[in-house]
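Counting starts at 1 for both ligands and their atoms, following the listed order. The first residue in the sequence is number 1, and the count goes up from there.
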Amino acid sequence: MQAIEITSTGGPEVLRLVERPDPEPGPGELLVEVAAAGVNFIDTYQRSGLYEVALPFVPGLEAAGTVVALGPGAEASGIAVGDRVAWCGVPGAYATVAVVPADRVVTVPDGIGPDVAAAVMLQGMTAHYLTHDTFPVGPGHVCVVPAAAGGTGRLIVQLARRRGATVIGAVGSAAKVDIAAGAGAHHVVDLSATGLAEGVEALVGRDAVDVVYDGVGAATFEDDLRLLRIRGMLVTFGNASGPVPPVPPLRLSAKSLYLTRPTLFHYIAGRDELVARADDLFAAVGAGEVEVLIGERHPLADAAEAHRRLEGRATVGKILLIP
Ligand code: NDP
């Protein structure tokens, strides 16, 4: 097999293509030929060392492919050789084949290709839990979504709009405005022309936002707090611009705000929740209610370039590696 491996943390250059012996699936595991692997911002945190991983490490927490072998007992899952499956949260996806626990995969429905399946597992289920469970957004709510043209942001925009909210996206350049608007944002703030708080206040006034779904982190945190209404919620779910510094709880008392820092893996920890969330998402994609934008595809060997582009704010939608 071929895989991208890191033996030390650092910049994109530590991502190297290597040959490895083919893995054997253990008890309850599947061997899957990877058709497409998702590139996610979390991969850059694991590569850089912001999030600790045991080395050597094969990055990639998301993929779709075809089952080519079952480990002992894995047939009890009902999954068979030849089935099309997808997963997220299991490392090792930047590879031609991967070993995955059978209870962490979902079956990909007919009509959804491997690229789209790989593209919606991590970012799609994130958008799903944020809008349905962390802060269940709905009619009458105003929500703000920084990085609204990005992989996760674009999906949050669609799901929030579908649930009836007024959606204000923010993007880092004029070129991304149409991407966020095309996803359904009612308004898009171009951060190359104005600040986030100023841009949103010009649209809805002061202290008018019910929820901010923020994956940008440090750069937007203060503006997020400023925009929220009394008893609003700041959902800070990522660190694309760096991690948010420590905040004293007393800061929140000025408007009785709620602050949460959720992570996907706690919203799909049980198999029932994983399957229900994936089914809901696949149904929405299959029905054309959620549109997945695959912004770019790279060969496995170009993983470093994919990371450079993602960290350089050069991408829109989803980035895939195609082994
Ligand atoms: P994106 O496709 O959204 O790419 C990141 C975007 O962040 C960029 O395109 C850019 O958009 C924006 N950005 C703003 N400032 C910076 C900066 N200084 N450096 C880099 N990017 C910046 O990535 P993902 O969809 O993969 O992830 C988005 C965020 O969501 C990440 O922080 C990620 O960790 C988080 N996440 C968290 C999860 C969770 O459960 N907690 C699960 C999934 C993702 P623009 O130029 O328009 O500002």
**Q** What residue and heavy atom of the protein are closest to atom 1 (P) of ligand 1, and at what distance?
**A**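 Ranking protein heavy atoms by distance from atom 1 (P) of ligand 1, first comes Gly151 N, 3.8 Å.
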**Q** If you measure every N or O of Asn239 against every N or O of ligand 1, does any of those distances drop under 3.5 Å?
**A**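 So ligand 1 has an N or O lying under 3.5 Å from an N or O of Asn239.
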**Q** So do the side chains of Gln158 and Glu289 get within less than 4.5 Å of each other, counting heavy atoms only?
**A**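 They are not in side-chain contact.
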**Q** Are His128 and Tyr267 near enough that their ring centres are under 6.0 Å apart?
**A**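 Here the rings of Tyr267 and His128 have centres that are no less than 6.0 Å from each other.
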**Q** Holding to side-chain contact (heavy atoms from CB on, under 4.5 Å), I want the full list of residues that pass it with Ala170, two or more places apart in sequence or in another chain.
**A**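 For Ala170 the side-chain contact (heavy atoms from CB on, under 4.5 Å) partners, ignoring immediate neighbours, are Val189, Leu191, Leu196.
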**Q** Using heavy atoms and a threshold below 4.0 Å, how should the contact between Phe265 and ligand 1 be classified: side chain, backbone, both, or neither?
**A**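 Neither; no heavy atom under 4.0 Å.
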**Q** Give the atom numbers and elements of ligand 1 that come within less than 4.0 Å of a heavy atom of Leu122.
**A**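 Reading through ligand 1 atom by atom, the close ones are 42 (C), 43 (C).
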**Q** Could you tell me if any non-hydrogen atom of Pro262 lies under 4.0 Å from any atom of ligand 1?
**A**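 Checking ligand 1 against Pro262, which is what was asked, there is a heavy-atom contact under 4.0 Å.
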**Q** Looking at non-hydrogen atoms alone, which of Arg313, Lys318, Met125 comes nearest to atom 15 (N) of ligand 1?
**A**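 That would be Arg313.
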**Q** What do the steps show when you test Asp83 against Val81 for side-chain contact (heavy atoms from CB on, under 4.5 Å), and what is the final call?
**A** CA-CA 6 Å; Asp83 284 359; Val81 168; over 6 Å; no
**Q** For Tyr94, which residues count as a side-chain hydrogen bond (donor to acceptor under 3.5 Å, both in side chains) partner, sequence neighbours excluded?
**A**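 Result, side-chain hydrogen bond (donor to acceptor under 3.5 Å, both in side chains) vs Tyr94: Asp43, His307.
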**Q** For Arg271, look at atom CZ and say whether over 12 heavy atoms of other residues, nucleotides or ligands are found less than 6.0 Å away.
**A**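 It does: Arg271 CZ has more than 12 such atoms within range.
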**Q** If only atom types and distance count, is the side chain of Asp214 paired as donor or acceptor with the main-chain N or O of Val216 below 3.5 Å?
**A**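 Checking the backbone N and O of Val216 against the side chain of Asp214, a donor-acceptor pair under 3.5 Å is found.
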**Q** Considering both backbone and side-chain atoms of Ala147, is one of its nitrogen or oxygen atoms within less than 3.5 Å of a nitrogen or oxygen in ligand 1?
**A**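 So ligand 1 has no N or O lying under 3.5 Å from an N or O of Ala147.
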**Q** Can you sort out which atoms of ligand 1 are near Gly172, meaning under 4.0 Å from one of its heavy atoms?
**A**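 Matching atoms, with element in brackets: 45 (P), 46 (O), 47 (O), 48 (O).
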**Q** Looking only at heavy atoms, which two atoms of Arg163 and Thr131 are closest? And how far apart?
**A**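 Where Arg163 meets Thr131 most closely, the heavy atoms are NE-O, 3.2 Å.
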**Q** State, to 0.1 Å, how close Ala197 and Asp223 come at their nearest heavy-atom pair, and which atoms those are.
**A**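 Scanning both residues completely, I find the closest heavy atoms to be N-OD2, 3.0 Å.
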**Q** Within the 4.0 Å heavy-atom shell around Arg261, which atoms of ligand 1 are there?
**A**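 Selected atoms, number and element: 41 (N).
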**Q** Does Arg84 reach the main-chain N or O of Ile112 with its side chain, forming a donor-acceptor pair under 3.5 Å?
**A**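 Between the backbone of Ile112 and the side chain of Arg84 there is a qualifying donor-acceptor contact (under 3.5 Å).
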**Q** Under a 4.0 angstrom heavy-atom cut-off, which atoms of ligand 1 come close to Tyr45?
**A**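 This gives 31 (C), 32 (O), 33 (C), 34 (O) as the contact atoms.
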**Q** Quick check on Glu13: does its CD atom have over 12 non-hydrogen neighbours (other residues, nucleotides or ligands) under 6.0 Å away?
**A**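 Atom CD in Glu13 is crowded, with more than 12 foreign heavy atoms closer than 6.0 Å.
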**Q** At under 4.0 Å between heavy atoms, is it the side chain or the backbone of Arg154 that contacts ligand 1, or both, or neither?
**A**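 No part of Arg154 comes within reach of ligand 1.
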**Q** If we only count N/O pairs under 3.5 Å, is Ser173 in contact with ligand 1?
**A**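 No - when backbone and side-chain N and O of Ser173 are compared with those of ligand 1, no distance drops under 3.5 Å.
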**Q** Quick one: look at Thr126 and ligand 1, take heavy-atom pairs under 4.0 Å, and tell me if it's side chain, backbone, both or neither.
**A**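 For Thr126, the contact with ligand 1 is made by the side chain alone.
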**Q** Find all atoms of ligand 1 within a distance of less than 4.0 Å from any non-hydrogen atom belonging to Gln123, and give their numbers and elements.
**A**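 Once the distances to Gln123 are compared, the set is 24 (P), 25 (O), 26 (O).
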**Q** Are any of the N/O atoms in Thr152 less than 3.5 Å from those in ligand 1?
**A**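 The answer is yes, given that Thr152 and ligand 1 share an N or O pair closer than 3.5 Å.
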**Q** Does Glu33 have more than 12 heavy atoms from other residues, nucleotides or ligands lying within 6.0 Å of its CD?
**A**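 Atom CD in Glu33 is not packed in, count stays at 12 or less.
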**Q** Check each atom of ligand 1 against the heavy atoms of Glu311 and keep those under 4.0 Å away; list them by number with element.
**A**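 Counting from 1, the qualifying ligand atoms are 19 (N), 20 (C).
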**Q** Would you mind finding which of Gly312, Ala240, Ala219 brings a heavy atom closest to atom 17 (C) of ligand 1?
**A**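 The residue whose heavy atom sits nearest atom 17 (C) of ligand 1 is Ala240.
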**Q** Under a 4.0 angstrom heavy-atom cut-off, which atoms of ligand 1 come close to Val216?
**A**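 Every atom of ligand 1 under 4.0 Å from some heavy atom of Val216: 14 (C), 15 (N).
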**Q** Using a strict cut-off of 4.0 Å, indicate which atoms of ligand 1 neighbour a heavy atom of Leu310.
**A**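 Counting atoms of ligand 1 from 1, those under 4.0 Å from Leu310 are 2 (O), 4 (O), 23 (O).
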**Q** So does Arg16 have more than 12 non-hydrogen atoms from other groups sitting under 6.0 Å from CZ?
**A**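 Incorrect, the count does not exceed 12.
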**Q** Taking both backbone and side-chain atoms of Val171, is any N or O found less than 3.5 Å from an N or O belonging to ligand 1?
**A**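 No, since none of the N or O atoms of Val171 sits under 3.5 Å from an N or O of ligand 1.
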**Q** When you measure from atom 37 (C) of ligand 1 to each heavy atom in Phe41, Tyr129, Phe237, which option holds the nearest one?
**A**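 Looking at heavy atoms only, the winner is Phe237.
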